[in-house]
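Presented below is the structure to which this report refers.
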Amino acid sequence: MKYRMAIAVLALVNALVATYLHLWKVGKVGALACSTGGCMVAQFSRFGWFLGVDVALIGAVGYTLLLVAALVSVQPHAMDARGGTILLGLHVVPALLFTVRLKYGEWVVLHTFCPWCLISAVSIVLCTALVVLDWRRVNAAAPVPAAA
């Protein structure tokens, strides 16, 4: 259960960060806190949009859905169920792939660095590792079928 709770905390923090970035991008929040200047480059590049939708908004929604999935999976009836881990994996794996695309765009194509984007990238990698660890935990706790 500690893995799922850690995913919930990471998802909450990143949902707030992504919401902040989206609100800044649409002009609802003052200055962007960015120590490198790369944040603005990344935000307003073609990698700051996906199918016409702001990537920060996609992150805010995605991390919120991950938070909900993590909270559902820590309920007493679901703690040791594989379904909770599968639900988390269905959120984390696409997010990891999306993050790889964004990091490639940021670092290789744009040659820039955004600390906010790095926080998200590190978090989703940690979430992926936590899902793998939770999968191992759930499988170890599963009863072994009796031999026929």
Side-chain angles (χ1 to χ4, degrees), residues 1-76 78-141:
M1 187 157 104
K2 63 185 175 185
Y3 302 128
R4 296 176 184 188
M5 291 298 289
I7 291 170
V9 170
L10 287 167
L12 175 61
V13 169
N14 283 281
L16 294 172
V17 168
T19 300
Y20 162 70
L21 291 173
H22 174 68
L23 291 174
W24 172 80
K25 194 170 186 177
V26 298
K28 301 294 182 189
V29 176
L32 177 64
C34 182
S35 59
T36 66
C39 302
M40 287 172 259
V41 172
Q43 282 274 353
F44 290 107
S45 74
R46 64 185 169 110
F47 293 97
W49 302 91
F50 184 75
L51 300 175
V53 180
D54 177 22
V55 167
L57 178 60
I58 293 170
V61 171
Y63 277 118
T64 300
L65 291 173
L66 180 59
L67 172 61
V68 170
L71 293 176
V72 166
S73 72
V74 296
Q75 298 306 307
M79 282 190 292
D80 292 324
R82 286 186 178 130
T85 307
I86 291 168
L87 179 64
L88 291 170
L90 288 173
H91 286 82
V92 167
V93 171
L96 179 66
L97 296 174
F98 192 68
T99 298
V100 168
R101 175 194 173 272
L102 294 175
K103 291 291 101 195
Y104 173 80
E106 180 186 344
W107 294 339
V108 176
V109 176
L110 300 173
H111 303 289
T112 193
F113 174 75
C114 170
W116 295 111
C117 298
L118 182 64
I119 290 169
S120 178
V122 169
S123 295
I124 205 63
V125 168
L126 287 173
C127 286
T128 303
L130 290 166
V131 167
V132 169
L133 290 171
D134 193 56
W135 181 255
R136 291 176 65 186
R137 177 193 66 84
V138 169
N139 282 336

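- Considering every non-hydrogen atom in both D54 and G48, the closest pair reads OD1-O, 3.4 Å.
- With rounding to the nearest 0.5 Å, the separation of OH in Y3 from OG1 in T85 is 11.0 Å.
- Rounding to the nearest 0.5 Å places CG of L67 at 11.0 Å from CD1 of I7.
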Trace of the side chain to side chain contact (heavy atoms under 4.5 Å, CB included) decision for W24 with Q43: CA-CA 10 Å; W24 172 80; Q43 282 274 353; 3.9 Å; yes
Applying side chain to side chain contact (heavy atoms under 4.5 Å, CB included), run through V29 and Y20 and close with a yes or a no. CA-CA 7 Å; V29 176; Y20 162 70; 3.7 Å; yes
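- In terms of heavy-atom proximity, L118 sits nearest to K103 at N-NZ, 3.9 Å.
- Across every non-hydrogen atom of A81 and V138, the tightest pair is C-CG1, 4.0 Å.
- Under the 2.5 Å cut-off for SG-SG separation, C34 and C39 qualify: their sulfur atoms lie closer than that.
- Once rounded to the nearest 0.5 Å, the distance linking SG of C114 with CG of L21 reads 6.5 Å.
- Separating the NZ atom in K25 from the CG atom in L57 is a distance of 9.5 Å, to the nearest 0.5 Å.
- Annotation for V74 and M79: closest pair O-CG, 3.7 Å, computed over non-hydrogen atoms.
- The neighbour count for R136 CZ, taken as heavy atoms of other residues, nucleotides or ligands under 6.0 Å away, does not exceed 12.
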side-chain hydrogen bond (donor to acceptor under 3.5 Å, both in side chains) evaluation trace for S120 with Y63: CA-CA 10 Å; S120 178; Y63 277 118; 2.9 Å; yes
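- Distance check: T64 OG1 to H91 NE2 gives 10.5 Å after rounding to the nearest 0.5 Å.
- Salt bridge absent: K2 and D134 never bring a charged side-chain N and a carboxylate O closer than 4.0 Å.
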For side chain to side chain contact (heavy atoms under 4.5 Å, CB included), just list the numbers for I58 and H22, CA-CA rounded to whole Å, side-chain angles, deciding distance to a tenth of an Å, and then say yes or no. CA-CA 9 Å; I58 293 170; H22 174 68; over 6 Å; no
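- Atom OH of Y104 has 12 or fewer heavy atoms from other residues, nucleotides or ligands within 6.0 Å.
- Interatomic distance, S73 OG to L66 CG, rounded to the nearest 0.5 Å: 9.0 Å.
- The side-chain heavy atoms of E106 and V41, taken from C-beta on, include no pair separated by under 4.5 Å.
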Stepwise, does the side chain to side chain contact (heavy atoms under 4.5 Å, CB included) test hold for L88 with L130? CA-CA 10 Å; L88 291 170; L130 290 166; over 6 Å; no
